[in-house]
Amino acid sequence: MAKTIAQYFKRIFDDYKVLVMVNPEDFTGTELIVHPDGKVEKTEMEFDEEIFEDLAEDEFQPCGALEFQLLLAKG
């Protein structure tokens with residue numbers, strides 16, 4: 001059985017950045033907010049089927065898993 005590969009997105013705001021991991025199979029995921037002081041805030045999320053359209057509309061860009069996983073380990 002093939003394992004689902006998560007998709008990662010990032011948006012940089014003025015003084016913080018947000019990274020989102022989405023499991024496209026069940027629309028669950030994790031949001032990381034990286035504050036200016038380096039603190040990482042983690043929130044488990046449940047999305048709907050329109051999450052990819054929502055992320056595009058909110059100007060999130062695809063990003064790599066490595067950055068997300070490093071920040072997740074830091075948090």
Side-chain angles (χ1 to χ4, degrees):
M1 178 179 221
K3 184 175 179 179
T4 302
I5 297 175
Q7 296 182 16
Y8 299 87
F9 301 88
K10 173 172 73 172
R11 179 164 179 207
I12 299 173
F13 294 88
D14 290 335
D15 58 349
Y16 65 97
K17 63 182 166 182
V18 177
L19 290 91
V20 179
M21 177 192 72
V22 179
N23 177 333
E25 188 173 284
D26 63 6
F27 300 108
T28 60
T30 305
E31 176 186 76
L32 301 179
I33 299 173
V34 183
H35 297 274
D37 63 1
K39 179 182 174 221
V40 178
E41 185 179 334
K42 173 185 162 188
T43 306
E44 296 299 324
M45 307 288 288
E46 290 187 23
F47 305 108
D48 62 25
E49 306 82 34
E50 297 175 0
I51 183 58
F52 299 111
E53 292 85 2
D54 294 342
L55 288 167
E57 186 174 315
D58 291 339
E59 299 179 356
F60 277 77
Q61 300 295 317
C63 70
L66 182 59
E67 180 179 10
F68 184 94
Q69 294 299 329
L70 288 172
L71 289 167
L72 181 62
K74 180 181 177 183

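Just the heavy atoms: all of them, side chains too, but no hydrogens, waters or symmetry mates, feed the values below. Values in this document were obtained by computation on a predicted structure and should not be read as measured data.
Contact record, Pro24 with Ala6: CD-CA, 4.2 Å, taken as the closest heavy-atom pair. Of all non-hydrogen atoms in Phe27 and Asp48, the two that sit nearest each other are CD2-O, 3.6 Å. Considering all non-hydrogen atoms of both residues, Phe52 and Gln7 come closest at CE2-OE1, 3.2 Å.
A single hydrophobic cluster is seen to contain both Phe13 and Val20, as judged by linkage of ILVMFWY side chains at heavy-atom distances under 4.5 Å, directly or through other members. Tracing side-chain contacts under 4.5 Å through hydrophobic residues (I, L, V, M, F, W, Y), one reaches Met45 starting from Phe9; they form part of the same cluster.
A side-chain N or O of Thr30 and one of Glu44 form a donor-acceptor pair less than 3.5 Å apart.
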*Test Thr28 against Phe47 for side chain to side chain contact (heavy atoms under 4.5 Å, CB included), laying out the working first.*
CA-CA 6 Å; Thr28 60; Phe47 305 108; 5.9 Å; no
Please tabulate, for the side chains in residues 54-67, all donor-acceptor contacts under 3.5 angstrom to protein atoms that are two or more places apart in sequence or on a different chain.
from	atom 1	to	atom 2	distance (Å)
Glu67	OE1	Lys10	NZ	3.0
Glu67	OE2	Lys10	NZ	3.4
Glu67	OE2	Lys17	NZ	3.1

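Cluster partners of Leu72 are Tyr8, Leu19, Met21, Leu32, Val34, Val40, Phe68, Leu71, counting Ile, Leu, Val, Met, Phe, Trp and Tyr whose side-chain heavy atoms approach within less than 4.5 Å, directly or via other members.
Taking the side-chain hydrogen bond (donor to acceptor under 3.5 Å, both in side chains) definition, one finds that Glu31 meets it with nothing, sequence neighbours left out.
When the shell of 6.0 Å around CD of Glu53 is examined, it contains more than 12 heavy atoms from other residues, nucleotides or ligands.
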